[in-house]
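Indexing begins at 1, ligand by ligand and atom by atom, following the structure's order.
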Amino acid sequence: MPPSLLVLHYAEIALKGENRGWFEGRLKDNLQDALRAAGAPGSVRRERGRIVVALADPSPAALEAACGAVSRTPGVAWFAAAEEAPRDIGAIEALVVARARASAGSFAVDTRRADKTFPLTSMEVNRRVGAAVVAATGRPVDLGSPAETLGIEIAADRAFVLGPRRAGPGGLPVGSSGRVVALLSGGIDSPVAAWRMMRRGCRVLAVHFFNGAAGGEGVLEKLDLLGEALARWQGRLNLRVVPFEAIQRAIVAAVPADHRMIVYRRTMLRLADRIRESENARALVTGDSVGQVASQTLENLACAYAAVPGPVLAPLSGAEKEEIIADARRVGTFEASCLPHQDCCSFLISPHPATKARLREVEEMEAAVAWGTLLEEALAAAPLRSYPAGG
Ligand code: ATP
Ligand code: MG
């Protein structure tokens, strides 16, 4: 059997001018890692305008595993399984006709010619191969919305006949934008926020604040499921679980019930920012969505984010819940996020939390908390859970 081939096209990397080679290199390395983790290793070659993957194992199972891995590699816009042909119109035509015989319904031929020295233009190839398909199969041409698009790519030294296009995540290769620390709660939103930043080229380190009394052990199992799902998109994912119960008790002792939530959030951000610093990361990420819950009024978000100097990215700030849920299903975190758990934010708070926190007042309340060395102790006792890419 000849090796299974995949032809990949990248998303925005094409726009990156002088850095393009570096971005392509990132994507290539990430693809290699993802394929290996999926149990379908192969060679990944950069060519002009495309990446070509040749799998070591020619079996359909390896191809399917590889397609899954590629479809979860940020930076990939779309890809297709491909057959190789010599750079000869007769050979290309024969392969496309053979492929067209395997299915039915309307079709269109779509040729891309990276190599402009090929004797026929893309349009001429489309017409000639299209006519051959009609003659051989009687299938109708439909350029508007064909049931099947028969893709052809003509490279410098060979041509490819493509199978059905499959979508990648788009965006930028993980690692090309730097590192971020994402606050991962266990709810629906924060895993999606983390994933969206992966798709913007960020390598995510996750942090969870854990209150055993409020959440119980179920939270950890849930976090494991979320960690495994997210690791499928960026490769290995590390999660720090920071004990939060002692801190929350100190806050409860000093802060009125209606302001505890905002103080919890500010304290989480402060702790996450220390981790950000020690991990040499550039920004914090939350799953906040403006107006969704009491802690997410603009006033409260402003008050929370003022606790830290660095940028706090909230990629869902303008998203609708329905869009977030659709993303969560795609990412593979929705079901785990829906498992019941008590978020530590609800630990001994008022049923009517303040929705317009004032920074000055909140700072005064925080000054009354007996912090001692609680923050340092929590960070020192924060175990690392690590999820491999293939999990
Ligand atoms: P989510 O669905 O992500 O839990 P939410 O809409 O329920 O978000 P909150 O519970 O107020 O809103 O949390 C807002 C954000 O604060 C979360 O998206 C997350 O980034 C962060 N956060 C809240 N609780 C925790 C926690 N225990 N550990 C880490 N981050 C948290
Ligand atoms: Mg929540």
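- In this structure, R158 does not pair ionically with E153, as no charged nitrogen and carboxylate oxygen lie closer than 4.0 Å.
- The protein atom (non-hydrogen) at minimum distance from atom 27 (N) of ligand 1 is F209 O, 3.0 Å.
- Residue-level proximity to ligand 1 for N211 is absent, since no heavy atom of it falls below 4.0 angstrom.
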Salt bridge (charged side-chain N to carboxylate O under 4.0 Å, His left out) evaluation trace for E64 with R166: CA-CA 12 Å; E64 210 30 58; R166 295 177 58 161; 3.4 Å; yes
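- Shown here for D142 and A108, the closest heavy-atom pair between the two residues is O-CB, 3.7 Å.
- When non-hydrogen atoms are compared, ligand 1 lies under 4.0 Å from the side chain of M268 (C-beta onward) but not from its backbone.
- In the candidate list G287, A182, S289, S185, S185 is nearest to atom 1 (P) of ligand 1, counting heavy atoms.
- A perpendicular orientation is assigned to the rings of W233 and W195, their planes being inclined by more than 60° (bins at 30° and 60°).
- Assignment of R265 to the shell around ligand 1 is supported, since a heavy atom sits closer than 4.0 Å.
- Among all protein heavy atoms, the one lying closest to atom 7 (O) of ligand 1 is D189 OD2, 4.5 Å.
- Nearest protein neighbour of atom 3 (O) of ligand 1, counting heavy atoms only, is S190 N, 2.7 Å.
- In terms of protein heavy-atom proximity, atom 29 (C) of ligand 1 is nearest to L184 O, 3.3 Å.
- A side-chain donor-acceptor contact under 3.5 Å links N126 and T111.
- Of all protein heavy atoms, the one closest to atom 9 (P) of ligand 1 is Q296 NE2, 4.0 Å.
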Derivation and outcome, salt bridge (charged side-chain N to carboxylate O under 4.0 Å, His left out), residues R358 and E299: CA-CA 8 Å; R358 285 171 212 257; E299 289 82 355; over 6 Å; no
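- Which parts of ligand 1 touch V207 is read off a 4.0 Å heavy-atom cut-off, strictly below it: atoms 29 (C).
- In the model, N238 has a side-chain atom that pairs as donor or acceptor with a side-chain atom of S386 under 3.5 Å.
- Nearest protein heavy-atom neighbour of atom 14 (C) of ligand 1: D288 OD1, 3.2 Å.
- For atom 21 (C) of ligand 1, the closest non-hydrogen atom on the protein side is L183 CB, 4.0 Å.
- Listed by number with element, the atoms of ligand 1 under 4.0 angstrom from any heavy atom of G187 are 1 (P), 2 (O), 4 (O).
- S295 OG, 2.8 Å is the protein heavy atom nearest to atom 11 (O) of ligand 1.
- Exactly one residue among L225, I324, L226 makes a side-chain contact (heavy atoms from CB on, under 4.5 Å) with P191. That residue is L226.
- When each atom of ligand 1 is checked for a heavy atom of T286 under 4.0 Å away, the hits are 20 (O).
- Within a 6.0 Å radius of NZ in K356, no more than 12 heavy atoms belonging to other residues, nucleotides or ligands are found.
- For atom 16 (O) of ligand 1, a protein heavy-atom neighbour is found at a distance under 4.0 Å.
- Looking only at atom types and distance, the side chain of Y305 has a donor-acceptor partner in the side chain of D288 under 3.5 Å away.
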